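Below: the structure, in structure tokens.
Per chain, numbering begins at 1; letters A, B, ... match sequence-line order. If you're wondering where the values come from, they're calculated on a predicted model, not measured in any experiment. Atoms considered below: every heavy atom in the structure, side chains included; atoms not considered: hydrogens, waters and symmetry mates.
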2 protein chains.
Amino acid sequence: MAKNEARRRALADAGLEVLAREGSRGLTHRAVDEAASVPAGTTSNYFRSREALIAGLVDRIGERLAPSETDLAARAGAEPSPELFADYLRDIVRRLTAEREVTLALFELRLESSRRPELAAVLGAWQRAGFEADVAFNTGAGLPGGAREIALFHYAIDGLLLDRLTNPIDPGTSTDEVVDALVAGLLPRD
Amino acid sequence: MAKNEARRRALADAGLEVLAREGSRGLTHRAVDEAASVPAGTTSNYFRSREALIAGLVDRIGERLAPSETDLAARAGAEPSPELFADYLRDIVRRLTAEREVTLALFELRLESSRRPELAAVLGAWQRAGFEADVAFNTGAGLPGGAREIALFHYAIDGLLLDRLTNPIDPGTSTDEVVDALVAGLLPRD
DNA sequence: GGGAGACTACAACAGATGTTGTGGTTGCGC
DNA sequence: GCGCAACCACAACATCTGTTGTAGTCTCCC
């Protein structure tokens with residue numbers, strides 16, 4: 001049993017890279033070894049089976065996409081307004097677009113979870129927790145909109161990201177403009 | 001060279017089934033043979049390489065998800081209104097949710113196209129054509145909203161479908177309600 | 001009914017992949 | 001210095017996969 005956590009994280013990161021670059025099909029122990037520049041067999045030592053490897057990637061993606069302390073602090077400070085909400089949203093989208101690799105890997109994992117119950121449990125719980133945190137922040141900040149409205153934003157942002165990271169149907173409009181239009185439409189007035 | 005079109009379609013359908021059920025990783029010639037209940041090697045005869053197989057699936061998905069004649073006729077008949085627009089949208093979402101298999105396969109292919117330029121070209125063109133048809137219908141029907149607004153609907157609907165087909169974050173709200181909320185928010189007033 | 005051409009079943013092979021085992025090395029407590 | 005346990009590199013194996021080739025079968029037109 002391997003326990004070196006730093007190396008484990010490095011391997012998981014390499015795995016996410018492979019997943020984004022080559023897709024679920026290319027995600028093999030050996031490919032991760034190569035991406036991480038470690039001797040062949042190392043990934044097999046840390047993640048004994050392919051299933052374990054995927055589970056490791058899910059854990060790691062949770063770490064990578066968790067809001068940082070500074071983000072949370074910034075959120076807590078300012079006073080609520082639709083403009084602020086739009087600011088946050090633009091930031092999130094910008095970050096996820098920049099972390100293209102992780103975001104694409106997350107889409108892969110979400111699809112994978114549609115056919116692996118044990119993955120669905122872990123990933124679903126993580127997603128729902130994030131969603132509920134968003135709702136809590138929103139209501140806590142005195143912004144309009146409850147769970148339903150926040151869910152709408154999740155749907156739209158997910159679809160937007162998928163579009164922008166693959167084949168944009170409307171490349172003429174900037175991503176920020178799209179986000180603003182979404183906020184204008186979906187955030188309840190007052 | 002094989003030319004039996006009916007069998008070719010049957011194989012492509014089986015391929016989409018495999019793609020949805022097992023993911024990109026499980027999509028192999030032999031798996032398609034099995035799903036289609038044909039002797040091993042048949043899929044290899046029709047789709048000489050894995051790439052050709054994927055291209056075949058894209059073609060087939062275009063056929064499967066094209067709006068039917070009757071749909072188009074129904075669209076052409078009625079007089080435009082936001083309610084009608086919502087009706088259409090609910091129908092589309094219902095249909096894509098029911099054809100879970102094809103929709104999931106399409107998501108797989110979209111992700112795959114993010115790393116296969118030749119796939120991106122075909123799939124991207126198909127997507128953009130569908131998008132432009134939606135825009136044309138919308139403006140032709142005298143409904144408010146141009147390309148930008150229709151794009152918002154595409155994003156939101158895609159995200160909604162992905163959510164509903166994998167791990168719904170807000171199972172309490174019915175899909176129809178979500179669509180209605182989207183129309184209420186995103187369709188320009190008058 | 002016979003022959004040409006298309007279609008199909010099946011075999012074969014090289015390379016990739018998941019998984020397990022086996023030694024060797026390293027670092028740490030005593 | 002010594003032993004122990006954790007960690008690591010590497011080899012090996014059976015299985016799966018993509019791809020190609022070949023021979024058999026069917027169909028349809030003359």
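Residue contacts for B:L53: at a heavy-atom cut-off of 4.0 Å it reaches no nucleic acid atom on any strand shown. Within 4.0 Å (heavy atoms only), A:R30 reaches at least one base atom of the nucleic acid. Counting any heavy atom pair closer than 4.0 Å across all strands shown, A:S44 reaches a base atom. Among the protein residues, B:R7 comes within range of the sugar-phosphate backbone only, with heavy atoms under 4.0 Å from sugar or phosphate atoms but none that close to a base.
One atom, CG of B:L27, and another, C1' of D:dC16, lie 14 Å apart when rounded to the nearest Å. Going from atom CZ of B:F47 over to atom P of D:dT17 covers 18 Å, rounded to whole Å. D:dT17 atom C1' lies 16 Å from atom CD of B:E51, rounded to whole Å. Counting to the nearest Å, the P atom of C:dA11 and the CG atom of B:D33 are 14 Å from each other. When the C1' atom of D:dA9 is taken as reference, atom CD of A:E34 falls 16 Å away, rounded to whole Å.
A:T173 and A:D170 are linked by a side-chain donor-acceptor pair at a separation below 3.5 angstrom, with hydrogens and angles left out of the test.
Salt-bridge check for B:E101 with B:R21: failed, with every basic side-chain N at 4.0 Å or more from each acidic carboxylate O. Salt bridge annotation for A:D91-A:R94: present, with a cationic side-chain nitrogen under 4.0 angstrom from a carboxylate oxygen. Electrostatic pairing of B:R25 and B:E22 does not count as a salt bridge here, judged by no charged N lying under 4.0 Å from a carboxylate O. Between B:D13 and B:R60 a salt bridge is recorded (basic side-chain N to carboxylate O distance below 4.0 Å).
Considering only side-chain atoms of A:P39, the nucleotide from C:dG21, D:dT20, D:dA9 that sits closest is D:dA9. Listed nucleotides D:dT20, D:dT19, C:dT20 differ in distance to B:H29; the shortest reach to its side chain belongs to D:dT19. Residue A:N45 has its side chain nearest to C:dG21 when only C:dT19, D:dG18, C:dG21 are considered. With C:dG18, D:dT20, D:dG18 as the choices, the nucleotide that has an atom nearest any side-chain atom of A:R50 turns out to be C:dG18. The side chain of A:T28 approaches C:dG18 more closely than any other nucleotide in the set C:dA9, C:dG18, D:dA9.
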Would A:F85 and A:F137 count as a ring-ring contact (aromatic ring centres under 6.0 Å, His included) here? Give the steps. CA-CA 11 Å; A:F85 184 77; A:F137 164 75; 8.0 Å; no

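Side-chain nitrogen and oxygen atoms of B:R25 include at least one within less than 4.0 Å of the OP1 or OP2 phosphate oxygen of C:dG18.
Judged purely by atom type and a 3.5 angstrom limit, A:H154 has no side-chain atom pairing as donor or acceptor with the backbone of B:L160.
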Name the pairs: protein N/O against N/O of nucleotides 25-28 of chain D, kept only if under 3.5 Å.
none

